[in-house]
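A short write-up of the structure that comes next.
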Number of protein chains: 2
Amino acid sequence: MSVRAEMKQASREKILDAAGKQMRVEGLSGAGVASVMSEAGLTHGAFYSHFKNKDDMLCQALNHALKDNRSRWLGQPKKESWAQRLSRLAKRYLTGAHRGDLADSCALASLCTEAGKGSDRFKAYYEQELIETLDQLCGGSFAQADADKQQEALAFMSMMIGSIALSRAVVSEQLSDQLLQAGTDLAGRLADQD
Amino acid sequence: MSVRAEMKQASREKILDAAGKQMRVEGLSGAGVASVMSEAGLTHGAFYSHFKNKDDMLCQALNHALKDNRSRWLGQPKKESWAQRLSRLAKRYLTGAHRGDLADSCALASLCTEAGKGSDRFKAYYEQELIETLDQLCGGSFAQADADKQQEALAFMSMMIGSIALSRAVVSEQLSDQLLQAGTDLAGRLADQD
DNA sequence: TTTCTTGCATGATGGTTGTCATGTGAAATG
DNA sequence: CATTTCACATGACAACCATCATGCAAGAAA
């Protein structure tokens, strides 16, 4: 790759990093073109040589954010039962650190209601990222897992995302901690039940 | 109350109705002052004789939206076990109709991630509404329920909100239905376990 | 070296945002 | 009937928004 193309690629990465951070912290409408470009160390004029429009940037940024981020929550596949797996992942996901670090948090959680109000294109990207996460959660392919496992995986994701979203929507630190704890506990019980 | 005050009260109600609808459909930033006032049949100039500022309106609108809305999901208290209650409420809450009717949906669900990014005042209002819902779910007082019941109530709320939020964030109707089904099923199993 | 290409900056576009000052007509008050 | 009050409308404000036209300087190609 030429020097020229490398620099453009580096710029693109900086823009997507900034956009990914801003949209998780401030929401989709908070990640403005000028503000994102400024945080990336560029001016707003360069924007349209990288992306078709703002929505295009948001879609790419969602994909970019989850690329590195997913493995932080799913980790390396281990030899463990399905039940142990759910219990372990809940403990890793529903922490005070994850709750507080919105800028680097799981984008599926920090954007779950905003995706529902976004463009169809953005929703399609969101769905793709969700399915990729479900695939890795199921240890390969969500679509080919049996029906029971699919149901449990979906309910597990819903609860993880709901728990951490609620824990951020609340001011009382005690209630917030209790929400994380309740999610972790239920994941453990869900696992034991099988 | 004088004729004058009655008219002002009626205007206030219209504004809060419009704001509640717009913020659930378009998000907090989508419920603009001019746009809300226009839908309420007034001009933007009258706004500041009703509310201190936009954030003030959003807080009042959240409270207003949940005032009538909560009973739609919780219904009248019935003679039933705690387990039956959770299972019944999940069936009522996680429906395709609720998913589609964003304008009249449960505001705790449609705004859960936006609340986390909102002002401290808005978060305080959100927490208050969440606790009021938990109180009614527990049949009186959440704070005075025993620890196990509190945990289950919190996990139940997280899963309900997570399930319907995810079902809206996705384009595939099949996956969306499956998300609602998974939430309903897990609520039933959670109930049976006790 | 000369020409071409292009990533980025400067600057301007029309539209929208939240907020407020002023005016008006009608209800409330005396 | 005269006066005061006030809910609402008109209009203006600066700040912001996404988008694009133009210009330049530096790498690529000849």
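First the proteins, then the strands, lettered A, B, ... as listed; each starts at 1. Below, each value reflects all heavy atoms present in this structure, side chains not excepted, and no hydrogens, waters or symmetry copies.
- Contact annotation: B/Tyr48 side-chain N/O to C/dT19 OP1/OP2 distance is under 4.0 Å.
- Within a 6.0 Å radius of NZ in B/Lys54, more than 12 heavy atoms belonging to other residues, nucleotides or ligands are found.
- Atom CD of A/Gln22 is separated from atom P of D/dA18 by 10 Å (rounded to the nearest Å).
- The CE atom of B/Met37 sits 12 Å away from the P atom of D/dA7 (whole-angstrom rounding).
- Closest of all the heavy-atom pairs between A/Ser119 and A/Asp55 is OG-OD2, 2.9 Å.
- The strand DNA chain C forms stems, runs of 3 or more Watson-Crick or G-U wobble pairs with distances below 3.5 Å, at C:4-12 with D:19-27, C:15-17 with D:14-16, C:19-30 with D:1-12.
- In the set D/dA9, C/dG7, D/dA7, D/dA7 carries the atom at the smallest distance from any side-chain atom of B/Lys8.
- Rounded to an integer number of Å, the gap from A/Lys54 NZ to D/dC16 C1' is 12 Å.
- A straight line from CD1 of B/Ile15 to P of D/dA7 spans 11 Å, rounded to a whole angstrom.
- Heavy atoms of B/Gly45 sit under 4.0 angstrom from at least one base atom.
- One side chain, B/Gln9 or B/Glu13, offers a donor N or O that lies under 3.5 Å from an acceptor on the other.
- A donor-acceptor contact shorter than 3.5 Å links the side chain of B/Ser163 to the backbone of B/Met159.
- The side chain of B/Ser2 sits closest to C/dA28 out of C/dA28, C/dA9, D/dA28.
- In this structure, CZ of B/Phe47 is placed 16 Å from C1' of C/dT16, rounded to the nearest angstrom.
- In this structure, the CG atom of A/Leu58 is 13 Å from the P atom of D/dC17, given to the nearest Å.
- One interatomic measurement links the two molecules: NE2 of A/His50 to P of C/dT6, which rounds to 14 Å at whole-angstrom precision.
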Hey, can you pull the donor-acceptor pairs under 3.5 Å for the side chains in residues 180-188 of chain B, sequence neighbours left out?
unit_1, atom_1, unit_2, atom_2, d
B/Gln181, NE2, B/Asp185, OD1, 3.0
B/Thr184, OG1, B/Leu180, O, 2.8

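- Along DNA chain C, the nucleotide closest to B/Arg4 and the one closest to B/His44 are compared, and the more 5′ of them pairs with B/His44.
- Put simply, B/Val171 and A/Leu111 are part of two different groups of oily side chains (I, L, V, M, F, W, Y) that touch within less than 4.5 Å, one to the next.
- Going from atom CZ of B/Phe51 over to atom P of C/dC20 covers 15 Å, rounded to whole Å.
- The nearest heavy atom of DNA chain C to B/Met7 and to B/Ser35 marks one nucleotide each, and the one closer to the 5' end goes with B/Ser35.
- Dashed line: the shortest gap from a side-chain N or O of A/Ser49 to OP1 or OP2 of C/dT6 is not under 4.0 Å.
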inquiry  = Between B/Glu39 and B/Lys14, does the salt bridge (charged side-chain N to carboxylate O under 4.0 Å, His left out) criterion hold? Intermediate values first, please.
reply    = CA-CA 9 Å; B/Glu39 185 173 328; B/Lys14 273 189 226 161; over 6 Å; no
